[in-house]
There are 2 protein chains.
Amino acid sequence: MTPAAKRVTSADVAQAAGVSRTTVSFVLNDKPGYSIPEETRRRILEAAERLDYRPRASARSLAAGRSDIVLLAVPDLPIGAGISRFIEELAGALAGHGLTMVTHLAGARGRPLPDVCAAVDASVVIGFDSFDEDTVQALYRAGADVVLPARAGASLALQPIGRLQADHLIGRGHRRLGYAMPEHPDLRSMAEARLDGVVEACLDAGLERPVVLSTSLEIARAAQAVAGWTERSVTGVCAFNDETAIAVLAGMREHGLAAPGDLAVVGVDDIPTARLAAPPITTVCFDLPEVARHRAEEIVAVLSGRESPVAFTSALLQVVPRSST
Amino acid sequence: MTPAAKRVTSADVAQAAGVSRTTVSFVLNDKPGYSIPEETRRRILEAAERLDYRPRASARSLAAGRSDIVLLAVPDLPIGAGISRFIEELAGALAGHGLTMVTHLAGARGRPLPDVCAAVDASVVIGFDSFDEDTVQALYRAGADVVLPARAGASLALQPIGRLQADHLIGRGHRRLGYAMPEHPDLRSMAEARLDGVVEACLDAGLERPVVLSTSLEIARAAQAVAGWTERSVTGVCAFNDETAIAVLAGMREHGLAAPGDLAVVGVDDIPTARLAAPPITTVCFDLPEVARHRAEEIVAVLSGRESPVAFTSALLQVVPRSST
DNA sequence: CTGAAAGCGCTAACAT
DNA sequence: ATGTTAGCGCTTTCAG
């Protein structure tokens with residue numbers, strides 16, 4: 001078959017089913033308010049199926065004034081692998097509502113998000129963290145109908161993550177905690193929100209604030225941080241994520257220290273290599289399918305004018321205990 | 001600003017510049033064969049800029065008969081982080097040719113690729129490995145003009161990777177190699193192609209074929225494989241990727257063995273945690289920007305009817321030596 | 001060199 | 001209950 005084969009149009013389907021294009025359109029979009037005989041409907045559906053008809057997206061959205069494309073902007077962060085699972089789940093959940101999700105990785109070399117939004121004719125743009133005001137405006141101008149999340153960190157349960165990490169450590173008897181902050185600037189705001197959760201948990205438990213130290217994914221840098229914690233008698237550290245946790249473990253090795261005896265470490269994400277570390281890392285993971293479903297509901301709700309009815313709860317988080325704590 | 005703000009159309013630009021829509025179209029797409037006065041051109045460009053005009057993609061592709069959307073199908077594999085770097089690079093390279101790339105993660109729950117292709121009106125669909133014949137047909141029917149790669153494994157330099165791993169080990173004096181095969185079925189074909197490279201390298205060096213053993217990312221499973229290699233006096237193993245290599249290291253730890261003394265290990269991908277492993281892992285990495293640029297060239301070439309002029313060379317691969325070998 | 005006019009394939013009033 | 005018709009915003013012959 002040649003790539004140039006003419007595409008099946010709704011007129012072809014109409015002809016094959018012996019009806020008009022209008023009727024085809026009504027049936028295929030099952031427009032409410034038009035009671036079309038079951039027989040006719042069946043004939044149309046059958047013809048469409050047989051011809052492998054797919055409405056041309058450009059024509060459809062040009063006429064209808066809106067597309068069913070959802071654009072997910074994935075930030076250019078060193079994100080764990082688990083995120084791709086989330087993306088799939090979200091795409092699946094949205095597909096269930098007739099929406100098609102594609103993703104765009106927002107690298108430095110990439111084109112500006114609004115350009116991509118316009119290029120794919122997206123009517124919804126979603127991100128992981130909220131966009132700054134200018135971007136939001138540009139996205140609307142680029143044709144987006146909905147931009148989410150509206151509020152910063154609204155859907156990432158940032159603080160709850162930190163709380164969970166800290167509570168886990170506190171529950172195991174640690175009284176002096178540390179926080180391993182990533183140096184990467186783009187991770188900063190997310191890390192700070194998670195840290196807030198850790199701080200709250202400490203205060204609630206009557207402990208001092210955690211000792212916050214930055215580290216990169218370099219062993220030497222991590223070793224410095226480890227020295228800082230041990231000097232200040234920290235016994236347990238919450239790491240921003242699993243990679244950071246692995247770096248902390250590597251830093252401890254430099255000092256001949258081992259978890260959890262010398263220092264307990266908790267990560268976030270449950271990346272595949274978390275369980276392969278020495279020792280395997282205790283981590284906080286998301287119930288990805290559930291989070292994705294929530295997000296999808298929210299999107300559909302906002303699209304249809306209702307306000308987002310669902311709040312993100314920390315019930316979607318879970319500690320996976322392993323031997324690093 | 002409200003999401004409902006009316007979008008700027010080419011008519012607005014035409015009016016603002018005091019010309020007709022036709023002229024606007026010619027200038028903005030700089031159609032060849034029409035010499036438009038520099039003055040007029042400038043006025044139009046300026047107006048478009050000032051109004052933040054973006055042609056509506058649906059209208060444009062409906063009229064032109066083709067979109068400038070490239071859809072990248074990312075397989076549902078436990079893919080390393082490096083891949084996202086590649087995706088960004090590719091998107092950037094394509095953007096340089098006026099194409100917009102978005103990606104679709106092909107999870108089990110996801111919609112079929114042809115549906116997505118039709119939904120986003122993609123004119124190019126690219127994958128990592130070649131698609132099966134039925135899918136290709138369906139994609140063409142769904143409106144794709146170009147589907148790549150045409151030949152299996154054509155662009156992933158699978159064998160060269162294996163060769164490089166093996167040659168590195170052989171160069172360090174290892175005479176009996178092992179290969180750590182991932183158990184995940186979707187990784188199978190890719191792994192086998194890489195293995196072929198290892199086998200060739202062994203044969204070329206006059207060594208026996210490598211001892212191929214499967215492993216998962218479970219420590220116990222990896223420990224079994226390690227036992228298998230040591231029993232058969234293997235001294236160096238090529239792992240399918242860094243995650244597998246990390247698993248092998250973990251398996252060795254179970255037996256009280258350490259790299260590189262007891263067994264040398266080479267990975268592939270250079271994931272961030274590779275250097276944090278104990279010991280840091282020697283790995284093979286791609287020159288991602290360069291590979292992406294090659295791919296982009298190929299796509300543009302095929303789109304414009306020329307045959308793909310560029311062959312993938314192993315010069316785009318490099319060994320990153322670290323202490324695991 | 002620029003403008004008028006005819007669609008691209010589809011949806012959605014408006015007729016019938 | 002179905003068909004007719006007028007666009008959606010853009011590209012692209014074809015005249016001027």
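Any value given below was found using the heavy atoms of this structure, including those in side chains, with hydrogens, waters and symmetry copies removed. All of these numbers come straight from a predicted model, not from anything done at the bench.
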Do you know the tightest heavy-atom contact between A/Ala16 and A/Arg50?
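Looking at all heavy atoms of both residues, the shortest contact is CB-NH2, 4.1 Å.
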
Write down the atom of B/Ala93, the atom of B/Arg293, and the distance for their closest heavy-atom approach.
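The pair with the smallest heavy-atom distance is CB-CA, 4.2 Å.
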
Go through [options] for me and flag the one nearest to the [X] side chain.
| X | options | result |
| --- | --- | --- |
| B/Pro37 | C/dT2, D/dT11, C/dG9 | C/dT2 |
| A/Phe26 | C/dG9, C/dA13, C/dG3 | C/dA13 |
| A/Thr23 | D/dT2, D/dC10, C/dT2 | D/dT2 |

Distance check needed: [N] [atom2] versus [X] [atom1], whole Å only.
| X | N | atom1 | atom2 | result |
| --- | --- | --- | --- | --- |
| A/Arg21 | C/dT11 | CZ | P | 9 Å |
| B/Leu62 | D/dG9 | CG | P | 12 Å |
| A/Gln15 | C/dC10 | CD | P | 14 Å |
| B/Asp121 | D/dC10 | CG | C1' | 14 Å |
| B/Asn29 | D/dT12 | CG | C1' | 11 Å |
| B/Arg66 | D/dT12 | CZ | P | 8 Å |
| B/Glu39 | C/dT2 | CD | C1' | 15 Å |
| B/Asp68 | D/dC10 | CG | P | 14 Å |

Are OP1 or OP2 of [N] and a side-chain N or O of [X] less than 4.0 angstrom apart?
| X | N | value |
| --- | --- | --- |
| B/Arg56 | D/dC10 | no |
| A/Ser10 | C/dC10 | yes |
| B/Tyr53 | D/dG9 | no |

Using a 4.0 Å heavy-atom cut-off, does [X] contact any base of the nucleic acid, only the sugar-phosphate backbone, or nothing at all?
| X | value |
| --- | --- |
| A/Thr22 | base |
| B/Ser25 | base |
| B/Thr40 | sugar-phosphate |

Between the side chains of [X] and [Y], does any donor sit under 3.5 Å from an acceptor?
| X | Y | answer |
| --- | --- | --- |
| A/Thr9 | A/Arg56 | no |
| B/Ser61 | B/Asp121 | yes |
| A/Ser20 | A/Thr23 | yes |

Assuming nearest nucleotide by heavy-atom distance, tell me which of B/Ala59 and B/Ser20 is located more 5' along DNA chain C.
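The residue closer to the strand's 5' end, by nearest nucleotide, is B/Ser20.
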
